[in-house]
Amino acid sequence: MANNPPFLAEILPVIIQALEKEAEEVDRSGEFPKTAFSVLQQHGLLHFVLPTASGGSGGDLLASQAIIQAVARGEPSAALILIIQYLNTRRLDDSSNWPDAVRRKVAESVIRDGALINALRVEPELGTPARGGLPATRARRTAEGWRISGEKIYSTGSYGLSWFLVWASSDDADPLVGSYLVPANAPGIHIIDEWDHLGMRGTCSHRVVLDEVLIPLDHAVNVAPWSTPRAGLNEEESLWMAVLLGSLYDAIAHSARDWFIAFLQQRVPANLGAPLASLPRFQELVGRIDTLLFTSQTMLSSASHGHIASGHAAQIKQVVTENAIRSVQLMVESIGNHALTRHHPLQRHLRNVLCGRIHTPQDDAIFTSVGKSALSAERSTS
């Protein structure tokens with residue numbers, strides 16, 4: 001695995017500083033972090049992992065992890081949207097099963113305009129497709145093209161997206177299920193502002209309603225008959241997702257740690273006459289926190305260098321996310337009211353880091369899968 005490109009060392013600190021300036025306002029308002037994506041487009045990072053065959057930079061996992069960590073240190077909602085951008089655009093190579101003209105059109109929009117793309121999959125009744133089930137969103141075949149109707153919730157990026165990959169099923173006897181590419185500005189699309197989350201507020205994960213939205217027939221870019229066995233993410237894609245999501249929440253915990261360290265060094269209670277940092281109990285606590293974060297950093301680095309088998313991707317995501325959450329919780333527990341005061345960053349970091357648990361796969365699915373594999377292996381060797 002190659003080292004990070006030299007230019008990243010120069011621009012990532014600049015990006016952190018630029019995004020930090022708007023993090024509190026993004027959290028307060030819940031608005032899309034436009035400034036962040038203007039900065040990222042300026043530095044060519046929105047097409048960083050787009051394959052070179054499609055005109056992108058073809059960035060690898062190691063460099064992408066460094067970018068995500070930097071963006072998350074600045075403004076984590078932007079980092080989550082960027083992760084989604086990377087996971088989707090890295091698939092747009094010349095071996096993609098997308099129609100070539102459609103693939104080129106999307107790739108060119110990413111390079112030229114900084115277009116963002118996300119898969120809209122979760123529905124009010126179905127929930128996440130990762131748990132199974134046929135989507136209620138319908139693609140109706142007409143002489144003009146596909147007419148798409150349905151509702152999607154938790155549509156991360158919503159207002160900032162240029163392309164929706166809508167998870168839908170056709171009206172055929174054996175429905176064609178999968179991704180239908182929809183321009184975000186197509187007539188018949190309505191965004192309902194219902195994302196009012198405690199954390200990751202700038203993701204603008206609103207409800208998207210599609211009412212007879214017309215798209216060309218060749219925009220059924222990744223569909224297959226429902227009767228055909230469906231494969232999920234391959235192992236490489238799973239590893240990318242685990243490392244990038246883990247890096248996001250690990251970065252939030254590191255931002256919280258920086259605030260916490262500064263607080264302990266500067267806070268001088270009158271009855272102590274010395275900074276809180278001088279107390280052994282806080283020194284031990286920081287040691288516990290740094291050990292959790294050291295464990296996570298070691299796992300993420302090993303995985304991004306290719307030293308951990310991709311089959312362990314879900315476990316990486318689980319361990320790193322829980323270490324991040326526990327680290328921030330320890331900080332909050334130790335200093336009480338200061339941690340939960342609205343104008344202090346620590347409460348924002350706590351709300352953001354708790355969102356790490358919602359991403360697929362969730363803990364129950366991870367542990368069940370790992371446990372079944374272990375028990376099956378034991379039976380086969382007994």
Side-chain angles (χ1 to χ4, degrees), residues 1-23 26 32-52 54-92 107 110-111 114-118 156-157 160-161 200 202-203 236-237 239-255 258 293 296-297 299-306 313 316-317 320-321 324 352-353 356 359:
M1 181 77 68
N3 292 326
N4 287 336
F7 78 93
L8 289 182
E10 299 176 6
I11 67 171
L12 293 186
V14 176
I15 288 172
I16 294 173
Q17 187 175 24
L19 271 56
E20 280 178 336
K21 293 178 181 178
E22 70 163 0
V26 168
F32 184 82
K34 294 180 180 177
T35 300
F37 285 94
S38 176
V39 171
L40 293 171
Q41 170 68 352
Q42 175 187 340
H43 291 289
L45 296 184
L46 297 185
H47 61 268
F48 182 75
V49 306
L50 185 71
T52 55
S54 294
S57 300
D60 63 12
L61 180 56
L62 181 63
S64 300
Q65 181 204 7
I67 293 168
I68 295 301
Q69 285 182 317
V71 174
R73 290 295 295 265
E75 201 295 292
S77 292
L80 180 56
I81 298 168
L82 185 61
I83 288 172
I84 292 167
Q85 175 83 345
Y86 283 1
L87 294 176
N88 282 294
T89 57
R90 70 181 298 267
R91 300 181 179 126
L92 299 180
V110 172
I111 297 167
L116 299 177
I117 183 170
N118 186 15
T156 300
L161 301 177
M200 303 297 284
T203 61
E236 183 183 27
E237 291 171 330
L239 187 65
W240 270 71
M241 179 182 289
V243 169
L244 297 187
L245 283 175
S247 296
L248 161 60
Y249 292 100
D250 179 68
I252 295 173
H254 273 88
S255 292
D258 289 351
L293 298 181
S296 295
Q297 285 282 297
M299 289 186 71
L300 291 170
S301 177
S302 296
S304 62
H305 280 87
I316 295 169
K317 177 257 185 185
V320 172
T321 300
N352 285 334
V353 80
H359 299 291

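Taking OG of S247 as the start and NZ of K317 as the end, the distance is 13.5 Å to the nearest 0.5 Å. Of the inter-residue distances, the one linking Q41 atom CD with H43 atom NE2 reads 11.0 Å to the nearest 0.5 angstrom. Here NE2 of H47 is found 11.5 Å from OG1 of T52. Values are rounded to the nearest 0.5 Å. Note that the NE2 atom of H254 and the CD atom of Q69 stand 8.0 Å from one another [nearest 0.5 Å]. One finds the CD1 atom of I83 at 11.5 Å from the CD1 atom of I67 (value rounded to the nearest 0.5 Å).
Evaluated for a side chain to side chain contact (heavy atoms under 4.5 Å, CB included) with P76, the options N352, V71, I68, T203 yield exactly one hit, N352. Here the rule is side chain to side chain contact (heavy atoms under 4.5 Å, CB included) with Q85, and of V110, V49, L45, N118 only V110 fits it.
Of the charged side-chain nitrogens involved, at least one lies within less than 4.0 Å of a carboxylate oxygen, so that E237 and R91 count as a salt-bridged pair.
For CD of Q17, the number of neighbouring non-hydrogen atoms (other residues, nucleotides, ligands) closer than 6.0 Å is 12 at most.
In this structure, S54 contributes its side chain and A107 its backbone to no donor-acceptor pair below 3.5 Å. A distance-only check finds no donor-acceptor pair linking the side chain of D250 to the backbone of G246 [under 3.5 Å]. Although no hydrogens or angles enter the test, the distance criterion places a donor-acceptor pair under 3.5 Å between the side chain of S304 and the main chain of L300.
Residues V39 and V14 form no side-chain contact, since every pair of their non-hydrogen atoms from C-beta on lies 4.5 Å or further apart.
G202 approaches I81 most closely through the heavy-atom pair O-CD1, 4.1 Å. Across every non-hydrogen atom of P13 and E10, the tightest pair is CD-O, 3.8 Å. Residue A72 comes nearest to L248 through the heavy atom pair CB-CD1, 3.5 Å, listed as atom of the first residue, atom of the second, then distance. When all heavy atoms of A63 and L8 are compared, the pair lying nearest together is CB-CD1, 3.8 Å. For I117 against T89, the heavy-atom pair with the smallest separation is CG2-CG2, 4.0 Å. Between A78 and A36, the shortest heavy-atom contact is CB-CB, 3.8 Å.
Sorted by first and then second residue, the salt bridge (Lys or Arg N to Asp or Glu O under 4.0 Å) pairs with a member in residues 62-86 read R73-D258; sequence neighbours excluded.
The aromatic rings of F48 and Y86 are tilted relative to each other, their planes meeting at an angle between 30° and 60°.
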